[in-house]
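Only one structure is covered here, and it is reproduced in the block below.
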There are 2 protein chains.
Amino acid sequence: MTYNSKDLYQVKEKMYVATDCIIFGFHEGKLKLLVFKRRVEPLKGEWSLIGSFVRLDEDLEYAGQRVLRETTGLENVFMQQLKSYGKKDRDPGYRCISIAQYALIRIDDYDEELVEQHGAHWYEIDHLPLLILDHNEMVHDALLQLKQNARYKPIGFELLPEKFTIPQLQALYEAIYQRELDARNFRKKVLSLNVLEKLDEKDKSTSKRGAFLYKFNYENYQKLLKSGYNFEIA
Amino acid sequence: MTYNSKDLYQVKEKMYVATDCIIFGFHEGKLKLLVFKRRVEPLKGEWSLIGSFVRLDEDLEYAGQRVLRETTGLENVFMQQLKSYGKKDRDPGYRCISIAQYALIRIDDYDEELVEQHGAHWYEIDHLPLLILDHNEMVHDALLQLKQNARYKPIGFELLPEKFTIPQLQALYEAIYQRELDARNFRKKVLSLNVLEKLDEKDKSTSKRGAFLYKFNYENYQKLLKSGYNFEIA
DNA sequence: ATAATAAACGTAAATAATACATTTATTGTT
DNA sequence: AACAATAAATGTATTATTTACGTTTATTAT
């Protein structure tokens, strides 16, 4: 959390702009966060969010996507700006403003090996290690925003595979809200929104009977939005 | 909106960080925005949000407060971060990332003269002029966020004088949501939240009977939040 | 054929949101 | 002193939404 040798400190005569990525994933009923172990000084060996300076010739959004690509191999990930962190002493080494962006990824999609090669690790959201600088604060803020957004936008779907069952969707919302939901009411509510398309397939990995798979229908969602409806789950 | 002479263009070899302020006020039943006419090149004479580069030795939040102080004379204004704007070509002159912050001010408090001296002007929110760069986009985003926030947080109160009547509060919400609300239901709802303190004074400026003045009770609001209640008006 | 299991379904009660009409306090006018 | 005018203040019935809760069903393994 702090630099422990003074010689790392340098005179702050230049403004740096960085972006840090808060990467959420959902796996086995748990909401997880991707963090990585710094391999360079300063703060080598400590846990940190994945970030980078924003280059002069790239859009801010692009910088986030680049960081993700470089660290996970994933392209075109759902990503959204969270907030800028700009306390003058937030980084003892540089005068650096960091724009945090959070990403939701389909954890089944990606290559676990690849991520581990980059020194990254998935932590359960309620068992995070101490992160450098203000990164724990960033995660806290991101989780808050995820909760809020999940209430009104269907971003939860970004965390699930394309085909998913209703019990899976419920587990995701339970993980995000960190409370249990009633299965009957949840199903009723989510189906009443008319944005789920029932498929002819079942997922039988969790029960003998099997649960029908659904996929998200963006068109209907757009209609729903235009009709002024609040997409509010749970 | 565009630079019209090429010699203004300079090589982008440095990253600048600016902050732009979206300043909302409420006056005579209308939601208003404070904009000002640029007095320096480039884009001299065009309407613009009020902004500044963030200095190396100041917090980002402080930069916003400084800008407000310099342009309106107001201190300790309610201000909240909106979003960072970071397209690589958003400013044709510099490679500049701007962190937009929006402010809510009690329009009766401040000195109209002072503001006018700074070349600023209050525009009604739905009759804005064309602003430079991506400033209209910023305003659009800020208004959206104001609408959302006003639904769950009592930030609306920041726009009113300390003492206000319920009809005034309703007019404010109508201006923010840009739709009419039912007076009986509004009153019922807002009073049921138990965050308004009725005073023994009346405001008689708009009717012979006069309307009772209220003030906002932050303590009760805190309790309300802790009890998990949604502060949802209208 | 049976046991076991998660998935799927429905209804009643409680709560919240909406729609809508009348009375009241006060002032200025006659 | 009575009256007209005006916005403020109040209540109730209807509808929609949310919550609480128990039973049946499809499938597989034994």
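Throughout, protein chains are lettered first and strands after them, A, B, ... in sequence-line order, and every chain is numbered starting at 1.
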Exercise. Can you check the A:Lys189 NZ to D:dT19 P distance for me, whole Å?
Worked result: 8 Å

Scan the side chains in residues 137-144 of chain B for donor-acceptor partners under 3.5 Å anywhere in the protein, sequence neighbours excluded, and list what turns up.
{"residue": "B:Asp141", "atom": "OD2", "partner": "B:Tyr85", "partner atom": "OH", "Å": "2.6"}

For this session: Report the distance from atom CG of B:Asp203 to atom P of D:dA7, rounded to the nearest whole Å.
Result: 13 Å

Exercise. Under 30°, 30 to 60°, or over 60°: which ring-plane class applies to B:Phe186 and B:Tyr173, parallel, tilted or perpendicular?
Worked result: tilted

Exercise. Any side-chain donor-acceptor pair under 3.5 Å between A:Gln178 and A:Lys147?
Worked result: yes

Exercise. Taking only residues two or more places apart in sequence, or in another chain, which ones meet B:Lys208 in a side chain to side chain contact (heavy atoms under 4.5 Å, CB included)?
Worked result: none

Problem set entry | For atom CZ of A:Arg187 and atom C1' of D:dT24, their distance in whole Å | 13 Å

For this session: For each nucleotide in nucleotides 11-16 of chain D, reading 5' to 3', give B when a protein heavy atom comes within less than 4.0 Å of its base, S when such contact involves only the sugar-phosphate, and - otherwise.
Result: BB----

Exercise. Nearest-Å distance, NZ (B:Lys202) to P (D:dA7)?
Worked result: 15 Å

Exercise. For the pair made of CZ in B:Phe164 and P in D:dA8, what is the distance, rounded to whole Å?
Worked result: 15 Å

Exercise. Whole Å only: how far is the CZ atom of A:Phe186 from the P atom of C:dC9?
Worked result: 15 Å

Problem set entry | Nearest-angstrom distance from the residue atom CG of B:Leu199 to P of D:dA8 | 17 Å

Exercise. Rounded to whole angstrom units, what separation is found between the CD1 atom of B:Ile166 and the P atom of D:dA7?
Worked result: 18 Å

Exercise. How would you list, by chain and number, every residue that makes a side chain to side chain contact (heavy atoms under 4.5 Å, CB included) with A:Lys87, sequence neighbours excluded?
Worked result: A:Arg90, B:Asp59, B:Glu61

Exercise. Among side-chain atoms of B:Asp203 and B:Thr165, is any donor-acceptor pair under 3.5 angstrom?
Worked result: no

Problem set entry | Donor-acceptor pair present, B:Arg209 side chain and D:dT6 base, under 3.5 Å | no

Exercise. Do A:Tyr102 and A:Asp20 meet the criterion of a side-chain donor-acceptor pair at a distance under 3.5 Å?
Worked result: no

Exercise. Think A:Lys208 has a side-chain N or O under 4.0 angstrom from the OP1 or OP2 of C:dA7?
Worked result: no

Exercise. Do the ring planes of B:Tyr123 and B:Trp47 sit parallel (below 30°), tilted (30 to 60°) or perpendicular (above 60°)?
Worked result: perpendicular

Problem set entry | Pairs meeting criterion salt bridge (charged side-chain N to carboxylate O under 4.0 Å, His left out) with involvement of residues 163-173 of chain B, two or more places apart | B:Lys163-B:Glu201

For this session: State the dot-bracket string of DNA chain D. Criteria: Watson-Crick or G-U wobble, both atom distances under 3.5 angstrom; notation: ( ) intrastrand, [ ] crossing earlier pairs, | interstrand, . unpaired.
Result: ||||||||||||||||||||||||||||||

Exercise. Within the structure, does a side-chain N or O atom of B:Ser207 lie under 4.0 Å from either OP1 or OP2 of C:dT26?
Worked result: no

